[in-house]
Participant: 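Here it is, the structure, as structure tokens.
For the numbers below, each heavy atom of this structure counts, side chains included, while hydrogens, waters and symmetry mates do not. Atoms within each ligand, like the ligands themselves, are counted from 1 in listed order.
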Amino acid sequence: MSIIIKNVSKLYGKQKALDNVSFEIKSGEIVGFLGPNGAGKSTMMKIITGFIPPNEGEIFVNDYNVSENSLEVRKVVGYLPEHNPLYLDMYVKEYLGFVASLHIPKKGIKQRVKDIIQLTGLTIEQNKKIGALSKGYRQRTGLAQALIHDPDILILDEPTTGLDPNQIVEIRNLIGQIGKEKTVMLSTHIMQEVEAICNRVIIVDKGKIVADETPDSIKKTRSDKSMIVIVEFDREVKTELLSKIKGAVRAEHHKENIWLIQSEVNNDIRSNIFNFAVENKLAVLSMQKQEKSLEEVFKMLTS
Ligand code: ADP
Ligand code: MG
């Protein structure tokens, strides 16, 4: 249950959508593939699933080379494409039966469809036309389709995009639950999604990987390097003066007598701020270290 990506590049005309990308996903991981629109997420997923070929590089899924053994790869991979393309005129059960017939012998279909409907919570909607379903149930149908052949690996392209907050939670829980027994790679441009379900995050920007860590460590290693301190003095100070604080790289007026001061990398400047205040006969009314949220780290890495 592993995915190996070796030096993959993809060009659309002259545009490089993926630029020499390499990474590995091991069995049991739930990996968030995170990046802004146009970063190359969908392109990577289409290449892994064998829908489009790369211009350079190799992809192995469970030791099968995708370009040589596309059929073997499709047997072990479940894929929910971006925008979840479905046949809107088909009934849920009928559609899943159709998808099942592409993968499994005829005699197993009925039971498999029944099981997958239950697993994905589609029981009450199973006799409706897909076009009549809410977006949340359409997404469940897309997931059911991806799971029908009980694949080891799930590739989900923006599985929660366009859902309302309740549906998002439901689908995330479902993915988390199913993901316990599978290897999952899901793309998203939402940071919280990664924090909610993934144990690893790969951040891509402009076709390149800019980070590959656990959600926790990315927050720690990236945000602790430079610190932002929110400080309130008892009176106004010139911002230029503040940027002279030892170890500070930037000062910005926030509001009233409050300033944001950013430190250089790996430098806790709080005592320097305090000394600066004493030297300039300022009183420090409050001082607080601002934790960077994963969201901010993401912005920093991809801007
Ligand atoms: P993401 O899924 O991260 O939003 P995509 O992989 O869809 O990014 O796209 C990466 C880049 O490649 C984008 O700039 C996009 O416009 C371009 N692109 C994607 N598919 C095609 C295509 N079929 N033809 C031309 N350009 C494409
Ligand atoms: Mg996409």
Participant: Given the ring of F51, does R74 sit roughly above its face, with NZ or CZ under 6.0 Å from the centre of the six-membered ring and within 45° of the axis?
Facilitator: yes

Participant: Using only heavy-atom distances, determine whether the side chains of Y12 and T43 contain a donor-acceptor pair under 3.5 Å.
Facilitator: yes

Participant: Would you please say whether a donor-acceptor pair under 3.5 Å links the side chains of D115 and Q111?
Facilitator: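 A pair is found: one side chain offers a donor N or O, the other an acceptor, under 3.5 Å apart.
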
Participant: Can you name the atoms of ligand 1, numbered from 1 with element, that are less than 4.0 Å from a heavy atom of A39?
Facilitator: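 Atoms satisfying the 4.0 Å criterion: 1 (P), 3 (O), 8 (O).
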
Participant: Can you confirm if the aromatic rings of H254 and W259 lie within a centre distance of less than 6.0 Å?
Facilitator: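 So the answer is no for these two rings.
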
Participant: I'd like to know whether ligand 1 has G35 as a neighbour, heavy-atom separation below 4.0 Å.
Facilitator: no

Participant: For Q139 and E158, which heavy atoms make the closest approach, and how far apart are they?
Facilitator: NE2-O, 4.0 Å

Participant: Heavy atom under 4.0 Å from ligand 1: found in M44's side chain, backbone, both, or neither?
Facilitator: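 Within the 4.0 Å criterion, M44 makes no contact with ligand 1.
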
Participant: What protein heavy atom sits nearest atom 23 (N) of ligand 1, and how far away is it?
Facilitator: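 Here the closest protein heavy atom is Y12 CE2, 3.7 Å.
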
Participant: For T214 and D216, which I'm curious about, is there any donor-acceptor pair between the side chains at under 3.5 Å?
Facilitator: no

Participant: Would you mind finding which of K41, Q15, K10 brings a heavy atom closest to atom 3 (O) of ligand 1?
Facilitator: K41

Participant: Which atoms from ligand 1 have a heavy atom of S42 less than 4.0 Å away?
Facilitator: 1 (P), 2 (O), 6 (O), 7 (O)

Participant: Report yes if some N/O of N37 lies less than 3.5 Å from some N/O of ligand 1; otherwise report no.
Facilitator: no

Participant: Under 2.8 Å from the Mg ion (ligand 2), is there an N/O/S atom belonging to M45?
Facilitator: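 Checking M45: none of its N, O or S atoms is under 2.8 Å.
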
Participant: Can you tell me which residue and heavy atom of the protein come closest to atom 8 (O) of ligand 1, and the distance to 0.1 Å?
Facilitator: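 The answer is G40 N, 3.1 Å.
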
Participant: Can you find a side-chain donor-acceptor pair between Q118 and T123 that sits under 3.5 Å?
Facilitator: no

Participant: Would you say the ring centers of Y91 and F98 fall short of 6.0 Å from each other?
Facilitator: no

Participant: Taking backbone and side chain together, does E82 place any N/O/S atom at a distance below 2.8 Å from the Mg ion (ligand 2)?
Facilitator: yes

Participant: Below the 3.5 angstrom mark, is there an N/O of T43, backbone or side chain, next to an N/O of ligand 1?
Facilitator: yes

Participant: Can you confirm whether R270 sits close enough to M287 that some side-chain heavy atom of one is under 4.5 Å from a side-chain heavy atom of the other?
Facilitator: yes

Participant: Looking at atom 10 (C) of ligand 1, what's its closest protein heavy atom, distance included?
Facilitator: G38 O, 3.4 Å

Participant: Mark up the atoms of ligand 1 that fall under 4.0 Å of a heavy atom belonging to P36, in ascending order.
Facilitator: 3 (O)

